[in-house]
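Take a look at the structure set out below.
FYI, side chains are in, hydrogens and waters are out, and symmetry mates aren't considered; it's all heavy atoms of this structure.
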Amino acid sequence: ALGHHDLTRLFAHDYRFTDDASHDGVPYIFISEIATPARDPIFIVYENLMDDLDRSVSLLDENNREGADAPNFGSVWAAKALRARVKLYMSDYNGALSDAEDVINNGPYELTDYVVRDENDNIVPNQIDSWNSRNPTTESIFEIEVDQLDDLFPGLEGLSSIYIREEGYGDAGPNLDIKNLYNSGDLRQNWYVIIVGVLFVSKYPGQGGNALFFTAPVLRLSEMILIQAEALARANQDQQAKDAINQITTRANAPLINSSGTQLLDDILEERRRELAFEGHRYYDLKRLQQDIVRNDCSLIQNCVVPYGDRLFAYPIPLEETAVNRNVRQNPGY
């Protein structure tokens with residue numbers, strides 16, 4: 001389900017792109033075989049996603065979180081958290097709320113302080129511990145760890161080497177649009193560093209100073225709280241939504257959100273952008289919300305604004321696929 005959903009997020013338009021969700025999704029594969037499957041319509045993809053996630057919930061063990069490596073494996077809570085995310089993408093906000101609150105209230109998770117301690121046990125505002133060491137935090141639901149064994153594979157590139165400059169390449173950097181969203185006292189500002197006048201992301205510092213050993217968050221408690229807050233705001237339960245979202249702002253030492261109505265929803269979505277920055281959410285949030293991509297800190301001559309519905313909201317099917325599979329339809333405009 002996770003693999004199919006990620007493929008759909010990349011290569012298909014959002015669930016509500018057509019009124020009946022009949023536009024092309026991805027082939028939903030149930031068995032491993034060499035074949036030439038056609039793309040399923042998006043509503044079929046999501047039906048299969050939900051079936052797989054429902055089966056996962058029924059089959060996985062609630063008690064398999066023992067041991068340091070537990071978040072690196074599937075669990076019933078990971079399945080429920082992913083189901084909450086999928087329902088959010090379907091605009092099934094009641095369903096997303098139900099699953100998110102199940103994980104929040106009944107799962108073995110707690111928010112992690114946004115601090116690490118140095119060798120003298122002094123608190124140093126920095127990255128969440130699970131991204132800085134091999135020890136998963138209490139908010140990790142599902143994550144991918146890369147360690148020394150994985151480093152044996154040639155050509156391995158981790159999140160750390162993509163983002164940071166000291167030990168990696170620093171290929172992907174933040175712009176001022178995201179950096180300027182944080183209040184001056186927000187601890188999450190420590191996710192961004194300036195090196196020789198250039199802004200870099202330091203959210204994934206690697207382990208022991210090695211950029212190739214890292215932990216990539218896939219599902220964590222923060223996202224469930226953000227889903228909860230958004231769903232409550234859409235249900236006009238403003239106070240409950242504020243109670244939820246301000247767990248996130250308080251933890252980050254950011255200003256409390258005290259708005260209401262449409263402004264509250266906008267504030268929650270902006271907080272979602274801050275909290276989940278560089279975890280692979282913002283682009284897909286703009287898609288599911290059917291909003292334009294707007295970049296203000298932009299040096300490009302064109303394409304600083306991509307209107308919703310543009311071909312760029314669905315990536316082109318790779319030539320390697322279309323060349324060998326006559327049944328796969330290319331996305332329009334490519």
>> Working to the nearest 0.5 angstrom, can you tell me the gap between N246 CG and D267 CG?
In response: 10.0 Å

>> What I want to check is whether the side chains of Y308 and D14 have a donor and an acceptor closer together than 3.5 Å.
In response: yes

> Mind checking whether L49 and I29 sit in one hydrophobic cluster, side chains of I, L, V, M, F, W, Y counted as touching below 4.5 Å?
Replying inline: no

>> Using side-chain heavy atoms (C-beta onward) and a distance below 4.5 Å, is Y334 in contact with L312?
In response: yes

> Do you reckon M90 sits in the same ILVMFWY cluster as L10, going by side-chain contacts under 4.5 Å, direct or chained?
Replying inline: yes

> To the nearest 0.5 Å, how far apart are CD in E270 and CG in D266?
Replying inline: 8.5 Å

> Same cluster or not: are Y204 and I194 linked, directly or through other Ile, Leu, Val, Met, Phe, Trp or Tyr residues, by side-chain heavy atoms under 4.5 angstrom apart?
Replying inline: yes

>> Whether E230 and R288 form a salt bridge (side-chain N of Lys/Arg under 4.0 Å from carboxylate O of Asp/Glu) is what I want to check.
In response: yes

>> Between W77 and P71, is there a side-chain heavy-atom distance shorter than 4.5 Å?
In response: no

> Can you list the steps and then say if F142 with L82 is a side-chain contact (heavy atoms from CB on, under 4.5 Å)?
Replying inline: CA-CA 9 Å; F142 185 64; L82 180 57; over 6 Å; no

>> Checking I257 against I248 for the side-chain contact (heavy atoms from CB on, under 4.5 Å) test, could you report, in this order, the C-alpha distance in whole Å, the side-chain angles of both residues, the deciding distance, and whether it holds?
In response: CA-CA 10 Å; I257 292 175; I248 304 296; over 6 Å; no

> Any Lys/Arg nitrogen of E275 or R220 sitting under 4.0 Å from an Asp/Glu carboxylate oxygen of the other?
Replying inline: yes

> So V306 and L286, side-chain contact (heavy atoms from CB on, under 4.5 Å) or not? Walk me through it.
Replying inline: CA-CA 11 Å; V306 181; L286 291 173; over 6 Å; no

> Quick one: are Y89 and T8 in side-chain contact, heavy atoms under 4.5 Å?
Replying inline: no

> If only atom types and distance count, is the side chain of N296 paired as donor or acceptor with the main-chain N or O of D177 below 3.5 Å?
Replying inline: no

>> For P316 versus F11, what's the shortest heavy-atom pair and its separation?
In response: O-CE2, 3.3 Å

>> Could you work out, with ring-ring contact (aromatic ring centres under 6.0 Å, His included) as the rule, every residue matching H281, not counting sequence neighbours?
In response: none

> Can a salt bridge be assigned to the pair D54 and R83 using a cut-off of 4.0 Å between side-chain N and carboxylate O?
Replying inline: yes

> Hey, does the side chain of N331 reach the backbone of A12 with a donor-acceptor pair shorter than 3.5 angstrom?
Replying inline: no

> Distance-only, no hydrogens or angles: does the N183 side chain make a donor-acceptor pair with backbone N or O of G185 under 3.5 Å?
Replying inline: yes

> Below 4.5 Å, heavy atoms only, C-beta onward: do L226 and I245 meet side chain to side chain?
Replying inline: yes

> D20 versus F43: any side-chain heavy-atom pair under 4.5 Å?
Replying inline: no

>> For a quick test of reading the model, state the closest non-hydrogen atom pair linking A233 to A241 and the distance between them.
In response: N-CB, 3.7 Å

> Hey, any chance L289 and L88 share a hydrophobic cluster, counting ILVMFWY side chains that come within less than 4.5 Å of each other, even indirectly?
Replying inline: no

> Distance-only, no hydrogens or angles: does the R39 side chain make a donor-acceptor pair with backbone N or O of G25 under 3.5 Å?
Replying inline: yes

> Measuring from Y46:OH to I44:CD1, what's the distance to the nearest 0.5 Å?
Replying inline: 13.5 Å

> Any chance CD of Q330 has more than 12 other-residue heavy atoms, nucleotides or ligands included, within less than 6.0 Å?
Replying inline: yes

>> Looking at every non-hydrogen atom in both residues, tell me the closest pair between A79 and L60 and how far apart they are.
In response: CB-CD1, 4.1 Å

>> Could you check whether any side-chain N or O of Q290 sits under 3.5 Å from a backbone N or O of R16, counting only pairs where one atom can act as donor and the other as acceptor?
In response: yes

> From Q291 CD over to L269 CG, what is the distance, rounded to the nearest 0.5 angstrom?
Replying inline: 7.0 Å

> Taking S202 for the side chain and W191 for the main chain, is one N or O donor matched with an acceptor at less than 3.5 Å?
Replying inline: yes

>> With a 4.5 Å cut-off on side-chain heavy atoms, are S98 and K87 touching?
In response: no

>> Any side-chain to backbone donor/acceptor pair from N325 onto P37? Under 3.5 Å, distance only.
In response: yes

>> Between the side chains of E271 and R274, is the shortest nitrogen-to-carboxylate-oxygen separation below 4.0 Å, so that they form an ion pair?
In response: yes

> Do L181 and R188 touch side chain to side chain, with heavy atoms closer than 4.5 Å?
Replying inline: no

>> On a heavy-atom basis, which atom in L219 and which in A78 lie closest, and how many Å separate them?
In response: CD1-O, 3.5 Å

>> Checking the side chain of K287 only, and the main-chain atoms of F313 only, is there a donor and an acceptor separated by less than 3.5 Å?
In response: yes

> Does R282 pair with D285 as a salt bridge, N-O distance under 4.0 Å?
Replying inline: no

> Roughly how far, to the nearest 0.5 Å, is CG of D40 from NE2 of H4?
Replying inline: 8.5 Å

> Rounded to the nearest 0.5 Å, what separation is found between the CD atom of Q247 and the CD1 atom of I104?
Replying inline: 7.0 Å

> Do Q228 side-chain atoms and A100 backbone N/O form a donor-acceptor pair below 3.5 Å?
Replying inline: no

> Shortest non-hydrogen contact from S260 to D238?
Replying inline: CB-OD2, 3.3 Å

>> Looking at every heavy atom in both V201 and P174, which two are closest together, and how far apart are they?
In response: CG2-CD, 3.4 Å

>> Counting only heavy atoms not in N94 (residues, nucleotides, ligands), do more than 12 fall under 6.0 Å from its CG?
In response: no

>> Angle between ring planes, F17 versus H13, binned at 30° and 60°: parallel, tilted or perpendicular?
In response: parallel

> With distance as the sole test, does K179 use its side chain to make a donor-acceptor pair with the main-chain N or O of Y192 at under 3.5 Å?
Replying inline: no

>> Between I225 and L111, is there a side-chain heavy-atom distance shorter than 4.5 Å?
In response: yes

>> Go through it in stages, so that I can follow the logic: the residues are V305 and R295, the test is side-chain contact (heavy atoms from CB on, under 4.5 Å), and I'd like the CA-CA distance, side-chain angles, deciding distance and then a yes or no.
In response: CA-CA 6 Å; V305 176; R295 179 169 176 170; over 6 Å; no

> If Ile, Leu, Val, Met, Phe, Trp and Tyr residues are connected whenever their side-chain heavy atoms lie under 4.5 Å apart, and connections chain through other members, are F30 and V86 in the same group?
Replying inline: yes

